[in-house]
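Chain naming here is simple, since letters A, B, ... match the order of the sequence lines and numbering starts at 1 in each. Computed from a prediction, not measured in an experiment: that's the story for all the values here.
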Protein chains: 2
Amino acid sequence: MLEAHARAGIRNRLLQKISLEDWDLIGPHLEALTLKERQVIEVPGKPITHAYFLDIGVASVVAVDAEDHRIEVGVIGYEGVTGVPLIMGDARAQHSTYMQIGGSGHRIPQDVFCGALAQSESLRALFLKSAQGFMIQTAHTALANGRAKLEQRLARWLLMAHDRTTSDAVPLTHEFLAVMLGVRRAGVTVAIHGFERRGLVTTRRGQLTIVNRAGIEQVAGSFYGTPEAELKRLLDGK
Amino acid sequence: MLEAHARAGIRNRLLQKISLEDWDLIGPHLEALTLKERQVIEVPGKPITHAYFLDIGVASVVAVDAEDHRIEVGVIGYEGVTGVPLIMGDARAQHSTYMQIGGSGHRIPQDVFCGALAQSESLRALFLKSAQGFMIQTAHTALANGRAKLEQRLARWLLMAHDRTTSDAVPLTHEFLAVMLGVRRAGVTVAIHGFERRGLVTTRRGQLTIVNRAGIEQVAGSFYGTPEAELKRLLDGK
DNA sequence: CCCAACAAGTACGTTTTCGTACTGAAAAAG
DNA sequence: CTTTTTCAGTACGAAAACGTACTTGTTGGG
């Protein structure tokens, strides 16, 4: 089978952008897999074993401190790759990374990935830009955490998740949304209730469906959008 | 004058860590300068003209969004370098960067810096680790913004500033501390008052002096420390 | 030396979010 | 089909931080 064919079913933006020459360094080493929600990808302080390229689903990157305070600092979906520290020359996971919304994708062993980066300047350039995009997302998470209201932060999160899923369903409990946003579960319930009342979403147990995306964007205001626009600029060039 | 001598007066940790061979790519292009507080280093959306290596002083990296919400996402002092996007292959500033506490250092033109990175793998490795350290700092800022109380965040900031200055004085108004933390000026006043009452700091107009660092560390708890420890690991090796 | 500009102290009602916890409903397990 | 577990809805007082704004010191410029 031609390698070009092997890429046909791949939705991951970074894998798509890899040049034909570079593909030899990556493609043959990819392992396809299904990723269930809650599946652990990286554990803080532990070595990173693989870089995961998602096609579908959303992974959460959660910072944890010594007293077990935790908050999500970014999400990764088909637009990126997990294991940002690998790109920076560090093989140890800093944060907790796990699937928040189940999906599928491919993974590549850490050493193969790092070797490929060492060999190809164009691969380095591509993944550095992806890492830069993630940094921007983290910075804006810091901004939203410090400045936005719960409702705005929830809207921002839903939009980021929606960008990375193929349906309008967000299969998550209020409890998990609360952990990611670093707020009370009850606070999320009330906020979602407000969204529902305004016709922005519909809900049922363990699931939420985006009905009026534009309305949610309006709630999020400028807390949503900058990282997304910047990633586009970085990857699609000016 | 021998280049080794030229490095004698340099306190910047990254410049110190540059190998003798790599020094030729960097050292001759450094321009020594004094940096006054409020001096602008990067403007969001504009090209990054230089990378600044501080010896003394503190630069603030402040994320801004379309509605002018702003918050500090990280600080840079003698342990790092400004212009993280340059290291990631992007020459456009994402955030607003300016001197928060005046000092001195050196700067190098953007093109020279990028050229050096392109030529030397060891330089790339060094600066990537520095960038990774900054990412960790940003992630923990997101954590603190979302989870910590004003008092803890203030303590964290004072410690980070103290780490990067040579004296115990922090020459800043409550107003600027408030902008960086993304809180009310009056809130900072009250919090500092609490610190003063407990003998952690002394204050006068436009200045604050660290008296009991250990006490401030206790207030910050685990919101302070992780990025610092990780940077040490990254730069000093395992 | 005086005054405008700036920094800090203080106040107060309001909003937001928290901590906690109880209840009912839905789904999963047995 | 029943029991157990999980999830969502709701409540309520308390804490934290807010917006605003008035006052009082400093300080540096005119």
Would the distance check show the side chain of B:Asn12 and the main-chain N or O of B:Tyr78 forming a donor-acceptor pair, the cut-off being under 3.5 Å?
yes
Measure the distance from [atom1] on [X] to [atom2] on [N] and round it to the nearest whole Å.
{"X": "A:Arg197", "N": "D:dA8", "atom1": "CZ", "atom2": "C1'", "result": "17 Å"}
{"X": "B:Leu150", "N": "C:dT16", "atom1": "CG", "atom2": "P", "result": "18 Å"}
{"X": "A:Leu177", "N": "D:dG9", "atom1": "CG", "atom2": "P", "result": "12 Å"}
{"X": "B:Leu172", "N": "C:dA8", "atom1": "CG", "atom2": "C1'", "result": "14 Å"}
{"X": "A:Arg147", "N": "C:dT16", "atom1": "CZ", "atom2": "C1'", "result": "15 Å"}
{"X": "B:Lys149", "N": "C:dT16", "atom1": "NZ", "atom2": "P", "result": "18 Å"}
{"X": "B:Asn145", "N": "D:dA16", "atom1": "CG", "atom2": "P", "result": "18 Å"}
{"X": "A:Leu181", "N": "C:dC18", "atom1": "CG", "atom2": "C1'", "result": "15 Å"}

Using heavy atoms to find the nearest nucleotide of DNA chain C for A:Glu151 and B:Glu175 separately, return the residue whose nucleotide is more 5′.
B:Glu175
Closest nucleotide of DNA chain C for B:Gln207 versus for A:Arg184: which of these residues is on the 5' side?
B:Gln207
Reckon B:Gly206 touches a base, only the sugar-phosphate, or nothing at all at heavy-atom distances under 4.0 Å?
sugar-phosphate
Reckon A:Gly146 touches a base, only the sugar-phosphate, or nothing at all at heavy-atom distances under 4.0 Å?
nothing
What nucleotide, of C:dT20, C:dC18, C:dG9, holds the atom closest to the side chain of A:Val183?
C:dC18
Out of D:dC7, D:dC18, C:dG9, which nucleotide sits closest to the side chain of A:Thr173?
D:dC7
Is the closest side-chain heavy-atom distance between A:Ile108 and A:His50 below 4.5 Å?
no
Contact under 4.0 Å: B:His193 side-chain N or O vs C:dT10 OP1/OP2
yes
A:Arg205 or B:Arg153, whichever maps to the more 5' nucleotide of DNA chain D
A:Arg205
Got more than 12 heavy atoms from elsewhere within 6.0 Å of CD, B:Gln218?
no
So does A:Arg185 reach the base of D:dC7 with its side chain, donor to acceptor, closer than 3.5 Å?
no
Taking atom types as they are modelled, would you say the side chain of B:Arg204 forms a donor-acceptor pair with the base of D:dG25 within the 3.5 Å cutoff?
no
For the residue pair A:Ile76 and A:Thr82, what are the closest heavy atoms and their distance?
CD1-CA, 3.9 Å
Separation between CD (A:Gln39) and CE (A:Met99), nearest 0.5 Å, reads 7.5 Å
